[in-house]
Amino acid sequence: MNVVPLGPGFGAELRGVTLRDVAADESAYKEVRAAFEEHSVLVLRNQDVTDEVQIAFSRRFGPLEVTKVGSEGFGTNLVILKTLDDNGNVVPEDHRLALRNKANQLWHTDSPFKRQPALASVLSSRIIPGRGGETEFVSTRLAFERLDPALRERLENSFAWHDYAYSRGKIAADLASPEERAALPPQCWRLVWKNPANGRGALYIASHTCGIEGMEVNEARRLLGELMQAATAPERSYVHAWHKGDVVMWDNRATMHRGRPWPANEPRYMVRTTISATAADGLETMRAPPRQAAE
Ligand code: OGA
Ligand code: MN
């Protein structure tokens with residue numbers, strides 16, 4: 001396996017390894033895992049991707065998130081990002097599916113609003129629009145390391161709130177359904193996620209981040225806005241332009257990503273698997289101390 005850095009100080013392309021190798025072979029997994037801890041975003045090209053192979057690859061890294069799809073209501077390990085209705089027609093721009101894609105165009109990390117946040121996501125492209133529709137990444141590890149030491153120390157000891165309804169509300173007031181709001185109450189996590197494999201901290205922020213524990217809300221949002229802006233400076237990003245057979249995996253503890261727009265009349269169809277974080281990934285260090293009883 002060859003690890004070829006992508007350029008902006010994080011991210012690497014893996015050559016000479018397939019999803020099937022990793023699914024079948026512990027030593028291939030270990031090599032890919034080490035590259036994941038180091039580079040935060042991994043690109044694998046020319047893969048023969050099926051849902052089954054993507055799931056088998058992803059399972060190596062930890063337990064998979066279970067999500068519910070549409071009206072069938074059964075659990076699945078796949079998140080389908082598409083703008084096609086059940087008849088295969090591209091949906092109008094104000095359709096829920098299109099608005100959900102729009103929410104994914106805000107800088108974010110996956111699942112900080114869940115009780116068990118995500119270690120990693122694995123995304124494959126199945127239908128690629130003729131232009132646009134890239135996925136863009138930044139390193140929140142490098143962003144954290146660029147901050148001055150006093151602010152770094154303060155953030156390491158701060159905790160932030162993450163709310164799915166808050167980020168969806170930036171696109172449309174009712175985009176998070178009542179069922180989703182009830183299932184996804186806001187979660188509080190340390191603002192810096194330290195990777196136990198290498199001791200390096202990363203800002204743990206996203207479009208979902210709505211407040212900082214113990215800080216007045218406007219003040220908190222101003223600080224969060226400054227951190228977001230510093231982290232997402234355009235010259236610091238890696239933009240992945242999708243080709244058939246591409247698979248991209250990212251570390252949700254140390255990166256943010258966003259989808260890029262594409263012509264609304266063109267279809268796009270992506271499939272994601274999401275790996276939950278566990279104690280081995282540093283999750284326990286992220287928990288806020290129990291809140292003081294309200295006065
Ligand atoms: C995701 C996501 C962006 C895209 O899959 O989590 O945010 O480009 N995707 O589709
Ligand atoms: Mn995402």
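Predicted, not measured: the structure shown is a model, and the values here were computed from it. Atoms within each ligand, like the ligands themselves, are counted from 1 in listed order.
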Can you tell me which N/O/S atom of Asp110 has the shortest distance to the Mn ion (ligand 2)? OD1
His257: numbered ligand 1 atoms lying under 4.0 Å from its heavy atoms: 1 (C), 2 (C), 6 (O), 7 (O)
Return yes or no for this condition: an N or O of Arg272 is under 3.5 Å from an N or O of ligand 1. yes
Please give the atom name: the N, O or S atom of His108 nearest to the Mn ion (ligand 2). NE2
Taking non-hydrogen atoms only, is Tyr269 closer than 4.0 angstrom to ligand 1 via side chain, backbone, both or neither? neither
Arg268 to Trp262, cation-pi by 6.0 Å centre distance and 45° axis angle: yes
Heavy atoms, side chains only, cut-off 4.5 Å: are Ile55 and Phe57 in contact? no
Which atoms of ligand 1 are found less than 4.0 Å from any heavy atom of Asp110? 6 (O)
Decide if the gap between the ring center of His257 and the ring center of Trp250 is smaller than 6.0 angstrom. yes
Within 4.0 Å of some non-hydrogen atom of Leu123, the atoms of ligand 1 are 5 (O)
Under a heavy-atom criterion of less than 4.0 Å, does His108 contact ligand 1? yes
Can you check whether Thr135 has an N/O within less than 3.5 Å of an N/O in ligand 1? yes
The closest protein heavy-atom partner of atom 10 (O) of ligand 1 is Arg268 NH1, 2.8 Å
Closest heavy-atom pair, Arg45 versus Glu13, reported as atoms and distance to 0.1 Å, is NE-OE1, 3.1 Å
For ligand 1, is there an atom lying under 4.0 Å from some heavy atom of Trp242? no
For the aromatic rings, using the six-membered ring if either is Trp, is the centroid distance between Phe159 and Trp189 under 6.0 Å? no
Hey, which of Val122, Val247, Thr50, Asp48 is the one that makes side-chain contact (heavy atoms from CB on, under 4.5 Å) with Leu19? Val247
Starting from atom 9 (N) of ligand 1, what is the nearest protein heavy atom, named by residue and atom, and what distance separates them? Leu81 CD1, 3.7 Å
So does Leu283 get a backbone contact from the side chain of Asp281, meaning a donor-acceptor N/O pair under 3.5 Å? no
Near-ring test His39/Phe10, centroid separation under 6.0 angstrom: no
